[in-house]
Amino acid sequence: MNSRSNRAALFDGIEEGGIRALSYSHEIDEHENDQAIEGLQDRVNFLKRLTGDIHEEVESHNRTLDRMGNDMDASRGILSGTVDRFKMVFENKSSRQMATIVASFVALFLLIYYMTK
């Protein structure tokens, strides 16, 4: 009797028209789901292209930064060599004479700069 009441509960109130309505509703839901899936696929493809573009941009910036770092290292090497040469010059001659020569060159440079301006 228990299985009979379950069957009755399952099919209670369902007629042939009701079954057709449920089937039609199911088709509408599937169509809406397909449209939603297509929309999501478009969004995923857009995000995939966007992340690819971001990756290329980051790689480009990393290459630029690496080149700049290498150039800075080369400049640092040249500058330290120049500083070492200045130290040798100041050690070999008296600092008073060297300061006078440097000040004279700076004054001459400033004078020429203002005259041409």
Side-chain angles (χ1 to χ4, degrees):
M1 186 70 101
N2 196 7
S3 67
R4 177 140 174 91
S5 64
N6 287 341
R7 273 192 214 163
L10 284 174
F11 296 107
D12 191 31
I14 295 181
E15 299 173 2
E16 196 167 312
I19 292 173
R20 281 190 203 131
L22 288 174
S23 174
Y24 180 72
S25 172
H26 182 68
E27 288 175 12
I28 290 174
D29 290 342
E30 283 187 30
H31 181 69
E32 289 174 359
N33 285 343
D34 290 342
Q35 287 178 339
I37 287 172
E38 287 175 11
L40 287 174
Q41 285 175 339
D42 291 342
R43 289 179 185 172
V44 167
N45 288 334
F46 172 74
L47 289 174
K48 188 175 180 180
R49 285 191 306 270
L50 182 64
T51 55
D53 292 344
I54 290 171
H55 176 74
E56 289 175 13
E57 190 71 23
V58 167
E59 290 294 323
S60 170
H61 285 259
N62 282 340
R63 283 190 300 272
T64 301
L65 288 173
D66 286 342
R67 281 194 305 265
M68 286 176 58
N70 292 339
D71 291 345
M72 292 297 279
D73 288 342
S75 300
R76 189 175 304 131
I78 292 169
L79 200 58
S80 83
T82 304
V83 169
D84 289 342
R85 287 186 202 115
F86 272 120
K87 285 181 183 177
M88 285 177 25
V89 167
F90 281 118
E91 288 172 359
N92 292 339
K93 296 188 178 188
S94 74
S95 59
R96 184 175 216 174
Q97 287 177 334
M98 187 52 65
T100 305
I101 293 172
V102 170
S104 301
F105 278 120
V106 169
L108 181 64
F109 174 76
L110 290 175
L111 180 66
I112 292 172
Y113 174 76
Y114 285 116
M115 290 176 69
T116 59
K117 189 177 173 186

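FYI, side chains are in, hydrogens and waters are out, and symmetry mates aren't considered; it's all heavy atoms of this structure.
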### Task
Working to the nearest 0.5 Å, report the span between OG of Ser104 and CG of Leu111.
12.0 Å
### Query
Does Met115 share a hydrophobic cluster with Val106, counting links as ILVMFWY side-chain heavy atoms below 4.5 Å and allowing steps through other members?
no
### Summary
In short, salt bridge (charged side-chain N to carboxylate O under 4.0 Å, His left out) pairs touching residues 57-82 with sequence neighbours left out are Asp73-Arg76
Quiz: residues 47-56 side-chain donor-acceptor pairs under 3.5 angstrom, not counting sequence neighbours:
| unit_1 | atom_1 | unit_2 | atom_2 | d |
| --- | --- | --- | --- | --- |
| Thr51 | OG1 | Leu47 | O | 3.1 |
| Thr51 | OG1 | Lys48 | O | 2.9 |

Would you be so kind as to tabulate the donor-acceptor pairs closer than 3.5 Å made by side chains of residues 33-42, with sequence neighbours excluded?
| unit_1 | atom_1 | unit_2 | atom_2 | d |
| --- | --- | --- | --- | --- |
| Asn33 | ND2 | Asp29 | O | 3.4 |
| Gln35 | NE2 | His31 | NE2 | 3.0 |

